[in-house]
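What follows is one structure encoded as structure tokens, with my remarks underneath.
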Amino acid sequence: MTRRFDLVAFDVDGTLVRHPEGKTVWEVLNRRFTGDDSVNVERYRKVMEGSLSYADWVALDVQGWHDAGATRAQIVEAMAPLRPIDGALEALEALRRTGARLVVISGTLDLLLETLLPDAPFDEVYTNRIGFDDSGAISGWTPTPFDLDGKAVALRSVAMRESVPLSRCAFVGDSSNDISAARVAGFTVAFNPRSDALEREAGAVVRSDDLRSVLPHLIPADGDNEGHAD
């Protein structure tokens, strides 16, 4: 099977995983353990204006869950409305069969991927991480340095380490925090995009309930050349 891209990176919330109301895992867990959606809006605003760092944003959210007594089991239960996008595993496996390396670069939680896509064939995963003690209580967390503008840093770093030209890297995402990665990837698919700016950066826009709909843009049809449009 011919390969159009040597490395394909994915966002998670809204791309590999969906919520019936379009919420991220952070919004879901803040609603469950703090009872207030407005906290997400206010903290995002502060991050965007530069008065709150991304790492501090993560700390405020996770500390809030900790203070509410959230356990691992309760967090997993609260994530129940989030489900894998239809065709997610099938799409990932199809890309894997081409020999492409598969990477996650996302501001999601590692626990979400472990819970919903435990068998996904990822080579590398860059997300926020949360730890639990033997009782299941939150014992700590590690914020990813690779969300927002950091997504481009992560993509460049992986590509360089794997000796893959950025022109041979693709990115699949849906929101404004994917724009930095879209600007450095050789090709970007905006999947059910929630950002006009991301649409403008993308080489393709796909609106579908099934992730397999992105495959025609990432895997050449029989007889097509292996090259791609820049």
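Predicted, not measured: the structure shown is a model, and the values here were computed from it.
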Paired with Asp178, the side chain to side chain contact (heavy atoms under 4.5 Å, CB included) test is passed by just one of Phe10, Phe171, Phe191, namely Phe171

If I take atom CE from residue Met79 and atom CG from residue Leu116, how far apart are they, to the nearest 0.5 angstrom? 6.0 Å

For Ala100 against Val8, the heavy-atom pair lying closest together: CB-CG2, 4.4 Å

In short, Arg32 meets Ala78 closest at the heavy-atom pair CG-CB, 3.7 Å

Going hydrophobic residue to hydrophobic residue with side-chain gaps under 4.5 angstrom, can you get from Leu215 over to Ile85? yes

Atom CG of residue position Asp149 - does it have more than 12 heavy atoms of other residues, nucleotides or ligands inside 6.0 Å? no

For Arg212 against Gly87, the heavy-atom pair lying closest together: NE-CA, 3.6 Å

With side chain to side chain contact (heavy atoms under 4.5 Å, CB included) as the test, pick out the partner of Phe33 among Val62, Asp67, Ile75. Ile75

Without hydrogens or angle criteria, can the side chains of Asn192 and Asp174 be said to hold a donor-acceptor pair below 3.5 Å? no

Would you kindly say whether Tyr54 and Asn128 are connected by a side-chain donor-acceptor distance under 3.5 Å? yes

I'd like to know if the side chain of Arg43 reaches the main chain of Val47, judged simply by a donor and an acceptor atom lying under 3.5 Å from each other, with no hydrogens or angles considered. no

Any Leu109 side-chain heavy atom under 4.5 Å of Leu29 side chain: yes

If hydrophobic clusters are built by linking Ile, Leu, Val, Met, Phe, Trp and Tyr wherever their side-chain heavy atoms come under 4.5 Å apart, do Tyr44 and Val58 end up in the same one? yes

Just do the side-chain contact (heavy atoms from CB on, under 4.5 Å) check on Asp11 and Ile105 with the steps written out, would you? CA-CA 6 Å; Asp11 172 51; Ile105 305 174; over 6 Å; no

Closest contact, heavy atoms only, Ser180 versus Gly150: OG-N, 4.5 Å

To the nearest 0.5 Å, atom OG of Ser195 lies from atom CG of Asn177 at 9.0 Å

For Thr108 and Asp13, does a side-chain donor sit closer than 3.5 Å to a side-chain acceptor? yes

Give every residue pair that meets the ring-ring contact (aromatic ring centres under 6.0 Å, His included) criterion with at least one member in residues 118-138, sequence neighbours excluded. Tyr126-Phe146

Pair Arg207, Glu199 - check salt bridge (charged side-chain N to carboxylate O under 4.0 Å, His left out), show working. CA-CA 11 Å; Arg207 292 182 172 86; Glu199 287 194 46; 2.8 Å; yes

For Leu111, is there any backbone N or O sitting under 3.5 Å from a side-chain donor or acceptor partner on Thr115? yes

Pair Trp26 and Trp65, ring centroids less than 6.0 Å apart: yes

I need the Glu114 CD to Arg129 CZ distance, nearest 0.5 Å. 7.5 Å

Checking the side chain of Glu27 only, and the main-chain atoms of Thr24 only, is there a donor and an acceptor separated by less than 3.5 Å? yes

Check against side-chain contact (heavy atoms from CB on, under 4.5 Å), Leu113 and Val104: CA-CA 10 Å; Leu113 277 180; Val104 165; 4.0 Å; yes

Using a strict cut-off of less than 4.0 Å between a Lys/Arg side-chain nitrogen and an Asp/Glu carboxylate oxygen, indicate whether Asp134 and Arg72 qualify as a salt bridge. no

Considering only heavy atoms from C-beta outward, does the side chain of Val164 approach that of Asp6 to under 4.5 Å? yes

4.5 Å side-chain heavy-atom contact, Arg168 and Leu7: no

Shared hydrophobic cluster for Leu198 and Val12 (ILVMFWY, side-chain gaps under 4.5 Å): no

Could you tell me the separation between the CD atom of Glu90 and the CG atom of Asp210, rounded to the nearest 0.5 Å? 7.5 Å

Could you give me the CA-CA distance, side-chain angles and deciding distance for Val125 and Val103, then say whether side-chain contact (heavy atoms from CB on, under 4.5 Å) is met? CA-CA 6 Å; Val125 173; Val103 180; over 6 Å; no

Can the positive tip of Arg4 be found less than 6.0 Å from the middle of the six-membered ring of Phe187, inside 45° of the ring normal? yes

Whether over 12 other heavy atoms sit under 6.0 Å from Met48 CE: yes

Test Asp61 against Asn30 for side-chain contact (heavy atoms from CB on, under 4.5 Å), laying out the working first. CA-CA 7 Å; Asp61 281 4; Asn30 279 334; 3.2 Å; yes

Pick from Leu89, Val189, Leu16, Asp86: which one makes a side chain to side chain contact (heavy atoms under 4.5 Å, CB included) with Leu211? Leu16

Pairwise distance NZ(Lys46) to CH2(Trp57) - rounded to 0.5 angstrom: 12.5 Å

Are the side chain of Asp133 and the backbone N or O of Ala137 linked by a donor-acceptor pair below 3.5 Å? yes

Around atom CD of Glu77, are there more than 12 heavy atoms from other residues, nucleotides or ligands closer than 6.0 Å? no

Should the pair Arg45-Glu42 be classified as a salt bridge under the 4.0 Å nitrogen-to-oxygen rule? yes

Give me the atom names and distance for the closest heavy-atom approach of Ala182 to Glu201. CB-CB, 4.0 Å

Assess the side chains of Ser213 and Ser208: does a donor N or O sit below 3.5 Å from an acceptor N or O? yes

Where Lys151 and Gly107 come nearest, the two heavy atoms and their spacing: CE-N, 4.4 Å

Could you tell me whether the side chain of Glu162 and the main chain of Ala159 form a donor-acceptor pair under 3.5 Å? no

Show, in sequence, the C-alpha distance, side-chain angles and deciding distance for Glu124 and Arg161, and conclude whether the salt bridge (charged side-chain N to carboxylate O under 4.0 Å, His left out) test is met. CA-CA 12 Å; Glu124 299 184 51; Arg161 188 173 63 252; 2.3 Å; yes

Would you say Arg101's side chain and Asp123's backbone share a donor-acceptor pair under 3.5 angstrom? no

Determine whether Ile179 and Val205 fall in the same hydrophobic cluster, where Ile, Leu, Val, Met, Phe, Trp and Tyr are linked whenever their side-chain heavy atoms lie under 4.5 Å apart. no

